[in-house]
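A short write-up of the structure that comes next.
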Amino acid sequence: MEEKYNEYEQIRREKLAKLRELGADPFGQRFDNTESLSVIKSRYNPENEEQTVRGAGRIVLHRDIGKLIFITLRDWTGNLQIGLSKQWLGDQWEVAKLLDLGDIVGMEGKLGRTKTGEITVWVTSFKLLCKATLPPPEKWHGLQDVELRYRQRYVDLFTNPEVMATFRDRSAIVQSIREFLTRRGFQEVETPMMQSIAGGAAAKPFITHHNTLDMDLYLRIAPELYLKRLLVGGMEKVFEVNRNFRNEGISTRHNPEFTMCEVYQAYADYRVMMDLMEELVCTLVQQRSQDMKLEFNGKTIEYRQPWARKTYAELFAEHVGCPMEQIGEVRQKARQLGIGEATKDDSVVVNEVFESCVEEKLIHPTFVLDYPAILCPLTKRKTGNPAIAERFELFVSGMEIANAYTELNDPEIQEQNFRVQLRGQEETEAVMDSDFVTALKYGMPPAGGLGFGIDRLVMLLTNSASIRDVILFPLMRPGSHV
RNA sequence: GGGGGUGUAGCUCAGUCGGUAGAGCAGCGGCCUUUUAAGCCGUUGGUCGUGGGUUCGAGUCCCACCGCCCUCACCA
């Protein structure tokens with residue numbers, strides 16, 4: 001198939017041939033014994049300007065002033081200026097003159113400074129490691145087009161250092177979470193991503209098909225029911241960090257695939273998980289803020305402990321203005337809010353009013369506890385009050401960050417809750433996970449369970465307004481641009 | 001799915017009342033051995049998202065469609 005090259009590509013492809021004539025491989029080989037550019041920079045010592053250093057990176061700025069070329073190299077630790085002089089390079093000078101923005105080079109030289117004080121590697125030899133045949137975006141503004149940034153994240157990463165920083169942060173956060181839990185004796189496990197029954201949450205699943213078994217499978221919407229099977233099996237403290245898939249709307253807070261951390265601890269309850277969550281997040285905040293305050297969406301969030309802990313009913317009365325039990329008033333409020341309440345159950349109306357009146361008010365970390373039991377089919381009821389479930393959600397900046405409960409371990413109630421849930425669901429999803437009920441019949445210790453979305457937590461910790469800014473390759477429709 | 005916004009050179013962006021398509025960066029040619037978004041001189045580059053329509057004439061007005069962003073709805 002004949003390919004069409006634009007002006008830039010054509011010119012750079014011509015340079016490939018020139019480079020080969022000069023004996024330079026435009027798509028070079030391994031380049032060993034390098035140090036990162038920021039380390040090289042930090043090694044500068046005015047007492048010793050003869051240190052030999054070796055590094056590699058991409059050309060992000062290029063100033064050719066004739067017989068001397070200044071280049072700013074970038075690797076994922078930072079930028080470093082190098083100077084290439086005709087006087088020092090001999091045969092390689094011809095190659096140096098063919099270097100372009102975007103090329104990747106390895107170099108060796110003496111670490112010194114220019115007369116204006118810029119730390120600079122005076123290059124004694126270099127190797128072209130990869131010729132870029134497409135030009136990078138504009139050097140000052142970088143890549144701004146949001147669509148292109150998501151579709152061509154590889155360009156976004158090397159042109160916009162703050163994007164690289166966000167994803168390095170994300171990686172560090174996930175690592176810290178693993179360390180935090182592992183240090184407390186939790187064991188990381190992996191449970192099925194492909195499930196024959198999509199359980200553990202109420203979301204629309206993605207469907208896929210196994211050819212040999214000739215059966216449909218669901219990409220999981222939650223790992224919960226498998227992790228609790230492990231509690232039955234005798235694993236006492238487990239967690240899993242992995243993807244969930246939900247076939248629902250996309251927004252600044254929702255991506256169809258997202259990363260979830262779920263944690264289960266035998267012999268605990270939701271209050272234990274509340275303490276665990278508070279400590280975990282504070283540990284993460286502490287690693288990036290001296291005063292336990294972080295900016296998010298233009299607001300300063302105060303993470304200093306202790307965090308607010310309020311019941312669902314308290315918050316309802318406080319922000320809606322009437323007790324949740326007074327269903328007549330609640331329904332009136334719902335109508336004011338434009339919620340079509342007529343055909344809905346009381347509990348659903350109450351919850352919708354709660355979601356639209358209360359959640360957005362919870363800016364600083366707030367645990368909302370003791371939800372109406374009807375909303376919580378997998379949760380143990382409060383002792384002495386079967387209408388209330390031992391469940392909490394954590395809100396920060398109006399965003400649901402975590403969801404946790406004392407796990408229901410009574411197989412009879414569980415089966416009953418499943419049956420209630422099945423009513424009113426579509427046929428494809430209406431399958432009872434009877435094996436899970438069987439597991440409970442063998443006996444699951446009382447336990448606390450906790451789930452939190454890694455992506456949203458990373459948003460908070462990195463002050464990212466959209467979930468797409470913390471997911472390397474957010475889902476996009478196939479585009480025609482690229 | 002509804003509402004609002006947006007799409008112009010490789011990138012970042014202007015484009016007035018409907019009247020020959022613009023700048024900066026990048027590129028190409030030239031000068032330059034200490035530049036800092038290097039500078040100076042010259043210069044190439046366009047299916048104005050796509051398809052229709054109105055008009056003597058459309059980047060601009062109208063209709064439809066496509067992508068993206070925001071928002072609402074949906075969302076245990």
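What you see below is based on every heavy atom in this structure, not just the backbone, and it leaves out hydrogens, waters and symmetry mates. Below, chain A is the first sequence line, B the second, and so on; all start at residue 1.
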**Prompt:** Nearest-Å distance, CG (A:Leu148) to P (B:C68)?
**Reply:** 12 Å

**Message:** At 4.0 Å (heavy atoms only), tell me whether A:Gly142 reaches a base, stays on the sugar-phosphate, or touches nothing.
**Reply:** sugar-phosphate

**Request:** Have a look at A:Arg391 and say if it touches a base, only the backbone sugar-phosphate, or nothing, with a 4.0 Å heavy-atom cut-off.
**Result:** sugar-phosphate

**Asked** Under 3.5 Å, is there an N or O donor on one side and an acceptor on the other linking the side chain of A:Ser251 and the base of B:U71?
**Response** no

**Request:** Whole angstrom is fine here: how far is it from CG in A:Leu475 over to C1' in B:G67?
**Result:** 14 Å

**Prompt:** Taking the nucleotide of RNA chain B with the closest heavy atom to each, which residue, A:Thr116 or A:Pro137, is nearer the 5' end?
**Reply:** A:Pro137

**Request:** Figure out the CH2/P separation between A:Trp88 and B:U34, and round it to whole Å.
**Result:** 15 Å

**Item:** P gap between B:C63 and B:G5, integer Å
**Value:** 12 Å

**Asked** Taking the same atom, P, in B:U36 and in B:U50, what whole-Å distance lies between them?
**Response** 40 Å

**Message:** Is the terminal nitrogen or CZ of A:Arg153 (NZ for Lys, CZ for Arg) located under 6.0 angstrom from the six-membered ring centre of A:Phe473 and within 45° of that ring's axis?
**Reply:** no

**Message:** Once you apply a heavy-atom cut-off of 4.0 Å, does A:Tyr371 come out as touching a base, just sugar-phosphate, or nothing?
**Reply:** nothing

Within the sub-3.5 Å range, which N or O atoms of nucleotides 21-29 of chain B have a protein N or O partner, and how far apart are they?
unit_1 : atom_1 : unit_2   : atom_2 : d
B:G24  : N2     : A:Glu138 : OE2    : 3.4
B:C25  : O3'    : A:Lys139 : NZ     : 3.3
B:A26  : OP1    : A:Lys139 : NZ     : 2.5
B:A26  : N3     : A:Tyr8   : OH     : 2.2
B:C28  : OP1    : A:Lys15  : NZ     : 2.7

**Request:** Kindly say whether the aromatic ring centers of A:Tyr371 and A:Tyr312 come within a distance under 6.0 Å.
**Result:** yes

**Message:** When the P atoms of B:G10 and B:G45 are compared, how many Å lie between them, rounded to an integer?
**Reply:** 12 Å

**Complete:** Residue pair A:Asp145/A:Lys67 against RNA chain B: nearer the 5' end by closest nucleotide is A:Asp145

**Request:** Using a heavy-atom cut-off of under 4.0 Å over every strand shown, decide if A:Leu143 touches base, sugar-phosphate, or nothing.
**Result:** sugar-phosphate

**Asked** Do other residues, nucleotides or ligands put more than 12 heavy atoms under 6.0 Å from A:Glu412 CD?
**Response** no

**Prompt:** Taking only N and O in the side chain of A:Thr252, is any of them less than 4.0 Å away from OP1 or OP2 of B:U71?
**Reply:** yes

**Message:** Any salt bridge linking A:Glu108 with A:Arg54? Criterion: basic side-chain nitrogen under 4.0 Å from a carboxylate oxygen.
**Reply:** yes

**Message:** Tell me whether A:Arg13 forms a cation-pi arrangement with A:Tyr5, defined as NZ or CZ under 6.0 Å from the six-membered ring centre and within 45 degrees of its axis.
**Reply:** yes

**Message:** Between B:G1 and B:G57, how many Å separate the two P atoms, rounded to a whole number?
**Reply:** 36 Å

**Prompt:** For atom NZ of A:Lys310, is the number of surrounding heavy atoms from other residues, nucleotides or ligands below 6.0 Å larger than 12?
**Reply:** no

**Asked** Can you say whether the rings of A:Phe354 and A:Phe316 are parallel (under 30°), tilted (30 to 60°) or perpendicular (over 60°)?
**Response** parallel

**Message:** What is the distance, to the nearest angstrom, from the CD atom on A:Gln144 to the P atom on B:U6?
**Reply:** 18 Å

**Pairwise P distance, B:G7 and B:G49 [rounded to whole Å]** = 8 Å

Run the side-chain donor-acceptor check on residues 128-141 of chain A: report pairs under 3.5 Å with partners two or more places apart or on a different chain.
unit_1   : atom_1 : unit_2   : atom_2 : d
A:Lys131 : NZ     : A:Leu98  : O      : 2.9
A:Lys131 : NZ     : A:Asp100 : OD2    : 2.7
A:Lys131 : NZ     : A:Asp103 : OD2    : 2.7
A:Glu138 : OE1    : A:Trp140 : N      : 3.4
A:Glu138 : OE1    : A:His141 : N      : 2.8
A:Glu138 : OE1    : A:His141 : ND1    : 2.7
A:Glu138 : OE2    : A:His141 : ND1    : 3.4

**Item:** d(CE, A:Met399; C1', B:C75) in whole Å
**Value:** 16 Å

**Message:** I'd like the C1' distance from B:U71 over to B:C75, given in whole Å.
**Reply:** 16 Å

**Request:** Check the distance between B:A73's P and A:Glu352's CD and give it to me in whole angstrom.
**Result:** 10 Å

**Request:** Compare the minimum distances between each of B:U35, B:C68, B:C70 and the side chain of A:Arg468, then state the nucleotide with the smallest one.
**Result:** B:C70

**Request:** Report yes or no: is there a donor-acceptor pair, N or O only, under 3.5 Å between the side chain of A:Gln81 and the base of B:U35?
**Result:** yes

**Lys/Arg cation over aromatic A:Tyr226: A:Arg229, 6.0 Å, 45° cone** = yes

**Message:** Say we look at B:U60 and B:G51: how far apart would their P atoms be, to the nearest angstrom?
**Reply:** 13 Å

**Message:** Given a 3.5 Å cut-off on both pairing distances, which stems involving RNA chain B, each at least three consecutive Watson-Crick or G-U pairs, are present, if any?
**Reply:** B:1-7 with B:66-72, B:10-13 with B:22-25, B:27-31 with B:39-43, B:49-53 with B:61-65

**Message:** So for atom CH2, which belongs to A:Trp76, do other residues, nucleotides or ligands contribute more than 12 heavy atoms lying within a distance under 6.0 Å?
**Reply:** no

**Asked** How long is the line joining CD of A:Gln87 and P of B:U34, in whole Å?
**Response** 12 Å

**Asked** Under 4.0 Å between a side-chain N/O of A:Arg63 and OP1 or OP2 of B:U36, yes or no?
**Response** no

**Prompt:** Do A:Glu240 and A:Arg220 pass the salt bridge (charged side-chain N to carboxylate O under 4.0 Å, His left out) test, and can you show the C-alpha distance, the side-chain angles, and the key distance before you say yes or no?
**Reply:** CA-CA 13 Å; A:Glu240 177 164 11; A:Arg220 75 176 185 194; 3.1 Å; yes

**Request:** Determine the interatomic distance between P on B:G52 and the same-named atom on B:A58; round to the nearest Å.
**Result:** 13 Å

**Prompt:** CD1 of A:Ile65 versus P of B:C32: gap in Å, rounded?
**Reply:** 12 Å

